[in-house]
Amino acid sequence: MPEAGTDKAGEGAVARMPEVLRHRSDFLAAARGVFRAMPLVVVQMRKRNDDGPPRVGFTATRRIGKAVIRNRARRRLREIVRQLPQGRLLPGRDYVFIAREGTATARFADLRGQLLRALDMLNAGRGHAARPRRKTSAGRKEK
RNA sequence: CCAGCCGGCCGGAUGGCCGCCGGGGGCGGUUAGUCGCCGCCUCUGGAGGAAAGUCCGGGCUCCACGGAAACAGGGCGCCGGGUAACGCCCGGCGAGGGACCGGUAAGGCAAAGGCUUCUUCGCCUUCGCCUUGCGCGGGAACCUCAGGGAAAGCGCCACAGAAAGCAGACCGCCCCGCGCCGGCCUGUUCGCAUCGCCGCAAGAGGUGUGAUGCAGCCACAGGCCCGUGUUCGGCGCGGGGUAAGGGUGAAAGGGUGCGGUAAGAGCGCACCGCGCCUCUGGCGACAGGGGCGGCACGGCAAGCCCCGCCCGGAGCAAGACCGAAUAGGGACGGCACGCGCCCGCCAUCGUUCCGGCGGGUGCAGGGCGUGUUUCCGGCCCCGCCGUCCGGGUUGGUCGCGCGAGGCGUGCAGCAAUGCACGUCCCAGAUGAAUGGCCAUCGCCGCCGGCUCCUUUUUACGGGCUGGCGGAACAGAACCCGGCUUACAGGCCGGCUGGCGUU
RNA sequence: UGGGGCGUCGCCAAGUGGUAAGGCAACGGGUUUUGGUCCCGUCAUUCGCAGGUUCGAAUCCUGCCGCCCCAG
């Protein structure tokens, strides 16, 4: 437990859901940041220019299945993020969690383990740079 | 009890912890205060039979609205009913399929009788059974049907076949007319056998060629002989009559049987089919009966088409409100840029006229009227319309769930469904709410243990218990009625057939 | 959400009621010392799937499946 002198809001603030990305441009920006891929989940991260609270986004494409599978995968990813202790998501950053084919059916503990591992690596600066697609404008370099 | 078929229904239950979205209530903060917003507490609701595919039909909103006609385009198509409507549903009709029954033909088996015969063998008749077949008839439950019109027109029907849509006639059958037909010999040709030749290293092989013998059949040509070649019959040619049979095809101008005929044919008759007329029953599709007609109109309209009926377009990202925010601007093109009346104001000392400004209104003109064209009522405008450029918006609220609503009962109806009464309020997100973890019970499969039943063991089955595994198809996005497609497991009902018991 | 289009051999593709062209590739043979070139030959039995109309369907109709494109 961190020191966190706010006693009255202690437990309640831990389970707060961070703000969710809503615009396509934010997802495209996060895709140009760093990423870490696991068998069950891919995590992308991008540093913003401000010091605001972290934001998160979820992606479940048609590739992994139809609506039921996509909804379940997104819900499980969101549940893991909701249960994260405070501090695992760094301020001033956007995180995007991409579901893969096993995300909806894998054991929950395995999925959470992989997600936490990827998150720790990214926060430690050990993410891989995104591969430039097509001829994007040279506005990305996070290393 | 078993098998087959059909229809309807359900789509795990209960609970705990941590969370999500909506609604109600309370408290606190913000505010001068209300509303609103934020935070906390509490109560409560929270995916489906297909929410899916987006294949039909509607509600709702905008295109200002309503009406009429023609054309274009699209859809539908037995009858009656249901419905807001439908291409949907229900009930009928018709057609096709259908276990099976009958008819008929062929073959076989067995029995009886008869004929012949010494007997056997053989033949005939009748009845029964079996097998196979049929352009045949009827037909249970049930299944399928885009099921108007092919005597309005156009088009197509490959290959095969004589002929594929006007009807005709290839083989064949029949009639008539004409010609020929005997015996013997020879030759040509053909068949068989043997030998030789060619060819090969040899053999196999071949029958090109020659000889001999046999058979002398058919045809042709010639010669000789006689009682000169008749009937029947055969062949050829010509003329005519046929459409039963052959064979082709998906389809050949009704089918079966009897009569009839030179041969045949609806040529005649009976039954079936078909067409027309008529009667009866039915709201109707249609069914049944009678009469007439000897039979004419082959198929395809999910080819064009004809007939009847229906249909305006776009879609909740529709659309409305808040906000500076569909407001204002530019270019090009088209049509107009007129005449009056009334009221008010200005001007004038003052009234009318004249003049200016504003408002209303009439005529003319222009435009709109959402597939196109035209018309009527009507609407808009002194600027309007069309195209393009540029600019603005990606905030919030509403639309947004009381509805062709769910459940129950009663009545009407065969049913679909309708009516009445009572009762209930039951998702509303917008990067998008139902999730994560777990417990117990229930279901299914496998493995193991105990136990019950059975005449003994085993097996099958039932009960208890332990372990492991499984539980489908699938997620509301404006709403509703259908259709289609996907689906683990389970429940209920009905129909037909079979077995057993009473 | 609405609209439009396409599925034919391993690849590209023609064919729109009557035997499913052609090219590349592949395979076999020939030519060549070998390879290439060249020549000859072979290669679709479910035309995305399932029904239906028709005597006959890749073609016509209906329903599914898959893929692609466009608009806001």
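Chain A is the first sequence line, chain B the second, and so forth, proteins listed ahead of strands; every chain is numbered from 1. If you're wondering where the values come from, they're calculated on a predicted model, not measured in any experiment.
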Exercise for the section: Give a yes/no verdict on base stacking between G431(B) and Phe27(A): centres under 5.5 Å, planes within less than 30° of parallel. Expected result: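 Whether judged by distance or by angle, Phe27(A) passes, so it stacks on the base of G431(B).
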Exercise for the section: Would you give the length of the straight line joining atom CG of Leu116(A) to atom CE of Met38(A), rounded to the nearest 0.5 angstrom? Expected result: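 Reported value, rounded in 0.5 Å steps: 9.5 Å.
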Given that both distances must come in under 3.5 Å, which nucleotide forms a Watson-Crick or G-U wobble pair with [N]?
{"N": "U440(B)", "answer": "A13(B)"}
{"N": "G213(B)", "answer": "C192(B)"}
{"N": "G4(B)", "answer": "C495(B)"}
{"N": "U256(B)", "answer": "A270(B)"}
{"N": "A459(B)", "answer": "none"}
{"N": "G422(B)", "answer": "C407(B)"}
{"N": "A105(B)", "answer": "U132(B)"}
{"N": "G344(B)", "answer": "C357(B)"}

Practice task
Could you state whether Phe108(A) and Val68(A) fall into the same hydrophobic cluster, counting links through intermediate Ile, Leu, Val, Met, Phe, Trp or Tyr residues with side-chain heavy atoms under 4.5 angstrom apart?
Solution key: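 Phe108(A) does not cluster with Val68(A).
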Between [M] and [N] - [atom1] atom distance, rounded Å:
{"N": "C35(B)", "M": "G12(B)", "atom1": "C1'", "value": "48 Å"}
{"N": "C136(B)", "M": "C272(B)", "atom1": "C1'", "value": "10 Å"}
{"N": "G75(B)", "M": "C411(B)", "atom1": "C1'", "value": "41 Å"}
{"N": "U188(B)", "M": "C195(B)", "atom1": "C1'", "value": "24 Å"}
{"N": "G481(B)", "M": "G489(B)", "atom1": "C1'", "value": "31 Å"}
{"N": "U1(C)", "M": "A318(B)", "atom1": "C1'", "value": "11 Å"}

If anything within 90° of 0 is syn and all else is anti, what is [N]?
{"N": "G81(B)", "value": "anti"}
{"N": "C426(B)", "value": "syn"}
{"N": "U54(C)", "value": "syn"}
{"N": "A432(B)", "value": "anti"}
{"N": "G355(B)", "value": "anti"}

Problem - Ala106(A): partners by side chain to side chain contact (heavy atoms under 4.5 Å, CB included), with sequence neighbours left out - result: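 Residues passing side chain to side chain contact (heavy atoms under 4.5 Å, CB included) with Ala106(A): Leu40(A).
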Exercise for the section: Could you note down all residue pairs passing ring pair (Phe, Tyr, Trp, His ring centres under 6.0 Å) where residues 62-102 of chain A supplies at least one of them, sequence neighbours left out? Expected result: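 Of all non-adjacent pairs touching residues 62-102 of chain A, those that pass ring pair (Phe, Tyr, Trp, His ring centres under 6.0 Å) are Phe58(A)-Phe97(A).
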Problem - Glu79(A)/Arg82(A) salt bridge by N-O under 4.0 Å criterion - result: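 A salt bridge is present here (some side-chain N lies under 4.0 Å from a carboxylate O).
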Can you check the [X] [atom1] to [N] [atom2] distance for me, whole Å?
{"X": "Gln83(A)", "N": "C20(B)", "atom1": "CD", "atom2": "C1'", "value": "13 Å"}
{"X": "Arg74(A)", "N": "G436(B)", "atom1": "CZ", "atom2": "P", "value": "12 Å"}
{"X": "Arg82(A)", "N": "C20(B)", "atom1": "CZ", "atom2": "P", "value": "7 Å"}
{"X": "Arg55(A)", "N": "G431(B)", "atom1": "CZ", "atom2": "C1'", "value": "12 Å"}

Practice task
Identify which one of Ile80(A), Val41(A), Leu89(A), Val81(A) satisfies the side-chain contact (heavy atoms from CB on, under 4.5 Å) criterion when paired with Leu119(A).
Solution key: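 The side-chain contact (heavy atoms from CB on, under 4.5 Å) with Leu119(A) is passed solely by Leu89(A) among Ile80(A), Val41(A), Leu89(A), Val81(A).
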Problem - Distance below 4.0 Å between Arg78(A) side-chain N/O and C21(B) OP1 or OP2 - result: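 No, Arg78(A) has no side-chain N/O under 4.0 Å of OP1/OP2 on C21(B).
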Handout entry: Toward the 5' end of RNA chain B, by each residue's nearest nucleotide, Glu79(A) or Phe58(A)
Key =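 Whichever sits nearer the 5' end wins; that is Phe58(A).
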Tabulate protein N/O versus nucleotide N/O from nucleotides 468-479 of chain B, keeping only pairs under 3.5 Å, one per line.
| residue | atom | partner | partner atom | Å |
| --- | --- | --- | --- | --- |
| G475(B) | OP2 | Val68(A) | N | 3.3 |

Practice task
Could you tell me whether Arg70(A) contacts a base, only the sugar-phosphate backbone, or nothing, with contacts defined as non-hydrogen atoms closer than 4.0 Å?
Solution key: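 No contact.
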Problem - Set of residues satisfying side-chain hydrogen bond (donor to acceptor under 3.5 Å, both in side chains) with respect to Gln114(A), sequence neighbours excluded - result: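 side-chain hydrogen bond (donor to acceptor under 3.5 Å, both in side chains) list for Gln114(A), sorted by chain: empty.
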Practice task
Not counting sequence neighbours, list each pair that qualifies as a salt bridge (charged side-chain N to carboxylate O under 4.0 Å, His left out) and has a residue in residues 103-119 of chain A.
Solution key: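 Residue pairs passing salt bridge (charged side-chain N to carboxylate O under 4.0 Å, His left out), neighbours aside: none found.
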Exercise for the section: Please list, chain by chain and in numerical order, all residues satisfying salt bridge (charged side-chain N to carboxylate O under 4.0 Å, His left out) with Arg55(A), sequence neighbours excluded. Expected result: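 Arg55(A) satisfies salt bridge (charged side-chain N to carboxylate O under 4.0 Å, His left out) with Asp26(A), Asp94(A) once adjacent residues are dropped.
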